[in-house]
Amino acid sequence: MKLNILKYGIFGVVLSLGLTSCEDFLDRPAEDSYNEGNYYQTDAQCIAGVGYLYSSPWHDLLRGYFMIGEMLSGNLYAGQNAYVGFTVNGSDQNLKLAAASMWSVIAHANTVYSSIKGAPASVSDAARNTSMGECLTWKAMAYFYLVRTFGEIPIIHDNAASLAAGDYNTVQKVKIADVYDYIILTLEKARTLLPKSNSAGRIDYYAATGLLAKVYLNKAGVSGALNADDMAKAAQLAKEVIDQSGRKLLDNYEDVFRLQNNNSEESLIAWRWTANGNVWTAQNYLQCDLGMSGFDEFGDCWGDWTAPSVDLQEAFGIKLLEQQPDAWINNVDTRLRGTMMLPGFKYPYFWQDKGGFSYLDFIFNTDYNSSAPGQLNSPTGANCVKHLYGNAYDHQAGIGHSAAYMYNSLATHLLRLSDVYLIYAEAMTGTSGTTTDASAIDAFYAVRHRAIKNYERPTSVSWNDIWKERRLEFAMEGDRWFDYVRVSYYNPEFCINDLESQKRNQFWNLGDLYKTYYETGNWTVTNQGYDENTSAPNVTMLMKKNQDTGKNFFLLPFPTEDVTTNPNMATSVDGVHVDVYATYSYE
């Protein structure tokens, strides 16, 4: 890690975030009115002082969120770039920004936690504990991203202590299993501090418990084989959330991703952005990278060529060159329409002031869209839906304030209740890979039946069923790559074969097909095809052998600057064992 990243964290709470928002918990004091001597003096200040951890320190991970999570995993295509082709190296700018963002979250969370812990008696125990618990949950989330991205990583328990020790040039990476233990230690402490219910959109006990269940599910394979105790613990924690939190899935899948549902009961943990205040780093800009040019009025969309992959389409049962449009227009899985735009799809929640959004009219009809390109730009024949809010009217209608250039307030969900349901179902398959347990089947059925209304409840559920379901449920939500990472701990061969068998390339000549269909209603494949010439990537390029298990697992390299500053961060250097419970404490 670089010295400047650590220093940034130590003094991070004085970051200039003169932010006002309709979401009160995102409010922060202006820099010129704040210092450690006059803040964290009241309940309101402690609550507000944690709010920015829900957005700003994570901002530089936004692009890495979909490039790592979705391009590496084969869900998203944007040409043969380093993420699609598995050639990411330490000089990659998006990787550097992502790494710095994750470390800054930890630094900020550590600093705010210490400040609130030392706040005067004028702060109530309830406000103090809740705020500290939120800090620890965000810290755990950052470590969870780091260990699944880079594998063995350092543990920075206290930034002030690390700076005082001056060990940033010599600190060592820690074994993956020990990092998971540290995340568990952190979340267990958070659970003792958090209330069962918190303000809308904020982390509570059940949110931390759901994250802990996911951590145990990931940790279960670290030893090279699935650990039955870890699987049982994941199931126990997930069941606690399912049975005791009182939360339910929203009835309509697409509603989860609308502005008016930013803080819905299904969203356990999310980045909660705001465009109200014009403070850079407090806002979401994913629509810019994923939305088609002209999708909003601000001139900030350039995602025409960033497209849901051919392989993801086929996971939904769609084969554009072998089927007629009825196959996708009438597809029974509602998640398809909520994930990707295809010919004939219309969206009532986008462009509401124009009567709704029509995908093909947007491309070809200049009366409907004055900047219609007149040709399909997507290399795979689809465009993204998730992370889009629509136009200015939609934003105002959804949340009550305006969007702006590269500014929107759409929440980015990191842990949803449906994830907890599928964690429970998978954990209940144990080491056998299947379950007939009624409650596990109910959890799986709840997720799938919401998407496919005529789906009949099964009599058993297998690991493969859940693996496929996770892809469809969470496509484009930055998580698929990390499913491969956790499975690679104990079954790398499955992951290698699965990734190398994907259709990760583009179609040829779709433009003529789409234009003819728009003009005549005739879908006849003539000279279209799929790129069979670009070979599958060598996915083992991003793998390392675990010296304890002998199995290869997925990881990305540390940024070059970090390795230059501290050679212990090199991929070739192995992590050291740390007895987490004997070394670290939050008491």
Side-chain angles (χ1 to χ4, degrees), residues 1 6 9-10 12-13 36 39-40 43 45-47 49-54 57 102-121 123-147 153-165 167 171-172 174-196 198 202-216 218-219 230 233 237 240 268-269 415 577-587:
M1 267 165 307
L6 286 171
I10 293 301
V13 292
E36 287 197 43
Y39 207 66
Y40 302 114
D43 287 9
Q45 287 179 335
C46 289
I47 292 167
V50 174
Y52 82 111
L53 294 179
Y54 286 75
M102 290 182 264
W103 285 116
S104 74
V105 172
I106 291 167
H108 280 259
N110 276 340
T111 304
V112 176
Y113 174 87
S114 296
S115 297
I116 293 174
K117 185 177 181 179
V123 175
S124 70
D125 288 344
R128 187 192 311 271
N129 290 343
T130 299
S131 301
M132 289 167 61
E134 290 173 280
C135 289
L136 292 183
T137 304
W138 280 123
K139 177 181 178 179
M141 179 67 86
Y143 270 112
F144 194 35
Y145 271 111
L146 281 164
V147 73
I153 57 172
I155 292 176
I156 307 299
H157 186 64
D158 182 314
N159 289 77
S162 293
L163 277 176
D167 62 356
V171 65
Q172 292 181 294
V174 175
K175 288 181 180 292
I176 291 174
D178 298 331
V179 177
Y180 276 112
D181 280 344
Y182 184 74
I183 297 171
I184 291 168
L185 172 72
T186 302
L187 284 173
E188 287 290 13
K189 179 61 177 180
R191 292 206 309 155
T192 69
L193 297 168
L194 288 164
K196 295 295 178 69
N198 201 352
R202 298 200 71 147
I203 291 167
D204 61 17
Y205 169 88
Y206 292 109
T209 300
L211 179 58
L212 187 56
K214 189 163 186 171
V215 170
Y216 268 106
N218 279 255
K219 177 178 177 285
D230 286 339
K233 188 66 174 177
L237 292 162
E240 183 179 355
L268 295 173
I269 301 178
L415 181 68
H577 168 61
V578 173
D579 185 338
V580 166
Y581 295 99
T583 306
Y584 303 110
S585 172
Y586 288 104
E587 300 306 323

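With contacts defined as side-chain heavy-atom distances shorter than 4.5 Å, the pair Thr192/Tyr586 does not qualify. Put simply, the side chain of Ile184 reaches to within 4.5 Å of the side chain of Tyr581, judged on heavy atoms. Between Lys214 and Phe144, some side-chain heavy-atom pair lies under the 4.5 Å cut-off. Between Lys139 and Tyr182 there is a side-chain heavy-atom pair separated by less than 4.5 Å.
In this structure, CG on Asp579 lies 10.5 Å from OH on Tyr584, to the nearest 0.5 angstrom. Atom OH of Tyr113 is separated from atom CG of Asp158 by 10.5 Å, given to the nearest 0.5 angstrom. The structure places NZ of Lys189 at 13.0 Å from SG of Cys135, a figure rounded to the nearest 0.5 Å. Once rounded to the nearest 0.5 Å, the distance linking CD1 of Ile183 with OH of Tyr145 reads 12.0 Å. Taking OG1 of Thr137 as the start and CG of Leu193 as the end, the distance is 8.5 Å to the nearest 0.5 Å. Atom OG1 of Thr186 sits about 15.0 Å away from atom CH2 of Trp138, to the nearest 0.5 Å.
In this structure Ala177 satisfies the side chain to side chain contact (heavy atoms under 4.5 Å, CB included) test together with Val222, sequence neighbours excluded. Shown here are the side chain to side chain contact (heavy atoms under 4.5 Å, CB included) partners of Thr130, two or more places apart in sequence or in another chain: Glu134, Pro195, Asn198. In terms of the side chain to side chain contact (heavy atoms under 4.5 Å, CB included) criterion, residue partners of Ala207 (sequence neighbours excluded) are, by chain and number, Ile203, Asp204, Leu268, Ile269. Taking Glu240 as the reference, Arg191, Tyr205, Tyr206, Thr209, Leu237, Gln244 meet the side chain to side chain contact (heavy atoms under 4.5 Å, CB included) condition, with sequence neighbours excluded. Residues forming a side chain to side chain donor-acceptor pair (under 3.5 Å) with Asp178 (at least two apart in sequence, or on another chain): His577. Applying the side chain to side chain donor-acceptor pair (under 3.5 Å) test to Asn129 and every residue at least two apart in sequence or in another chain returns nothing.
Across all their heavy atoms, Ile106 and Leu146 have their closest contact at CD1-CD1, 3.4 Å. Val123 and Ala127 make their closest contact through CG1-CB, 4.3 Å (heavy atoms, listed as atom of the first residue, atom of the second, distance). When all heavy atoms are compared, the tightest approach of Ser162 to Asp167 is O-OD1, 3.3 Å. Taking both residues in full, the closest heavy atoms of Val174 and Val179 are given as O-CG2, 3.8 Å, listed atom of the first, atom of the second, then distance. Across all non-hydrogen atoms, the minimal contact from His108 to Pro57 is CG-CG, 4.3 Å. Looking at every heavy atom in both residues, Leu212 comes nearest to Glu188 through CD2-OE2, 3.5 Å.
Side chain of Asn110 to main chain of Ile156: a donor-acceptor pair is present (N/O by atom type, distance under 3.5 Å, no hydrogens or angles).
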Could you walk me through whether Val50 and Arg202 pass side-chain contact (heavy atoms from CB on, under 4.5 Å), step by step? CA-CA 10 Å; Val50 174; Arg202 298 200 71 147; 3.5 Å; yes

Is there a side-chain contact (heavy atoms from CB on, under 4.5 Å) between Met132 and Val112 once you walk through the steps?
-> CA-CA 8 Å; Met132 289 167 61; Val112 176; over 6 Å; no

From CA spacing to verdict: side-chain hydrogen bond (donor to acceptor under 3.5 Å, both in side chains), Lys117, Tyr40
CA-CA 10 Å; Lys117 185 177 181 179; Tyr40 302 114; over 6 Å; no

